2 protein chains.
Amino acid sequence: MVTKQFTGSPQDADLTRADSLAREIFSDVANKWALLIIEALGDGTLRFSELRGEIEGISHKMLTQNLRMLERNGLVERTVHPTVPPRVEYTLTEPGRGLRATVDAMCDWTHRYLGDIEDSRRRFDA
Amino acid sequence: MVTKQFTGSPQDADLTRADSLAREIFSDVANKWALLIIEALGDGTLRFSELRGEIEGISHKMLTQNLRMLERNGLVERTVHPTVPPRVEYTLTEPGRGLRATVDAMCDWTHRYLGDIEDSRRRFDA
DNA sequence: CTGGATCCACAACGATACTG
DNA sequence: CAGTATCGTTGTGGATCCAG
């Protein structure tokens, strides 16, 4: 569970610390762009510009920002080739690939229920 | 894949429409509060106020807003008991439970790599 | 090519007050 | 209790410019 940060009881300070960390990670990761980056990387290696091309609608800023965040959390590895012009490649780490599995599941889910959701929306909007 | 919205080729208009719908749903669902609500509901039934209590830090507004969105997409069912004071209960639908499975996986992942991520952060911040 | 920094418009959000 | 509406603030995100 990542819904709770604090239990209230004073003695489980470690538990609440772990929970609040879990929530923090969850908040980092549970956002549109981060998950799309993970998904786009798959088990390949992509350059910054390639990622931009893969992910429809992501801006320069959002891409760098989220890549930094993912790198900080150890989900993507960033390798810089000291050439000119510079060539920077991104690839998922082991933890990153673990997360990717869950994102894949989410994408499958999306496509599986596409029709149902579309119907539900139409009904709701009426 | 939900990373691409448009292919460029004119004849697969249906495919791009499906893709853009997938992206739209993905954007709705891939956000912190929505996923936390799904997770909190689990396979139970919770009232509005109970949800507020379960999800640390969510505001009244964010809760209603996201519940409407989830209801619109047919992921949660909202049943109003016409009593006074009113009693409104929320529960996951079948599609909602499907999504919940992936959120569960994401929570598991979070706890699994908690330590690694914490370490990676410390290294990065130095 | 990659990425940091700055500026700014606009959306998100929290707080509050009000209704059924 | 649940939900809507409004308002003011914060923060997100896009555009642009500059640097390595």
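Residue numbering restarts at 1 for every chain, and letters A, B, ... go by the order of the sequence lines. From a predicted model like this one, the values you see are computed outputs, not experimental measurements.
- For B:Arg68, the salt bridge (Lys or Arg N to Asp or Glu O under 4.0 Å) partners at least two apart in sequence or on another chain are B:Glu71.
- A sub-4.0 Å separation between OP1 or OP2 of C:dT2 and a side-chain N or O of A:Arg47 is present.
- Atom-to-atom, CG of A:Leu46 to P of C:dC1 comes out at 15 Å; the value is rounded to the nearest Å.
- Salt bridge present: B:Arg100 and B:Asp104 bring a charged side-chain N and a carboxylate O closer than 4.0 Å.
- When the P atom of D:dA2 is taken as reference, atom CD1 of B:Ile58 falls 14 Å away, rounded to whole Å.
- Atom CD in B:Gln65 sits about 15 Å away from atom P in D:dT6, given to the nearest Å.
- Across all non-hydrogen atoms, the minimal contact from A:Arg52 to A:Ser59 is NH2-CA, 4.0 Å.
- Residue B:Ile55 contributes atom CD1, which lies 14 Å from atom P of C:dC13 at whole-angstrom precision.
- Phosphate contact (OP1/OP2 of C:dT2, side-chain N/O of A:Ser49, threshold under 4.0 Å): present.
- Following rounding to the nearest Å, A:Lys32 (NZ) and D:dT12 (P) show an atom-to-atom distance of 15 Å.
- Residue A:Thr64 places no side-chain N or O under 4.0 Å from the OP1 or OP2 atom of C:dG3.
- The CE-P distance, from A:Met62 to C:dA5, rounds to 14 Å in whole Å.
- Between A:Arg68 and C:dG3, a side-chain N or O to OP1/OP2 separation shorter than 4.0 Å is present.
- Scanning both residues, A:Leu92 and A:Ile38, for their nearest heavy atoms gives CD1-O, 3.8 Å.
- A:Asp125 has a carboxylate O that lies under 4.0 Å from a charged side-chain N of B:Arg72, or vice versa, which qualifies the two as a salt bridge.
- No salt bridge links B:Asp19 with B:Arg23; every basic N to acidic carboxylate O contact stays at or beyond 4.0 Å.
- Side-chain N/O atoms of B:His60 and base N/O atoms of C:dG14 include no donor-acceptor pair closer than 3.5 Å.
- Atom CD in B:Glu24 sits 8.5 Å away from atom CG in B:Asn73 (nearest 0.5 Å).
- Residues from residues 70-91 of chain B placing a heavy atom under 4.0 Å of any atom in DNA chain D, listed by number, are B:Arg78, B:Pro85, B:Pro86, B:Val88, B:Tyr90.
- A:Asn66 has its CG atom 17 Å from the P atom of C:dT2, to the nearest Å.
- Atom CE of B:Met69 and atom P of C:dC13 are 11 Å apart (whole Å).
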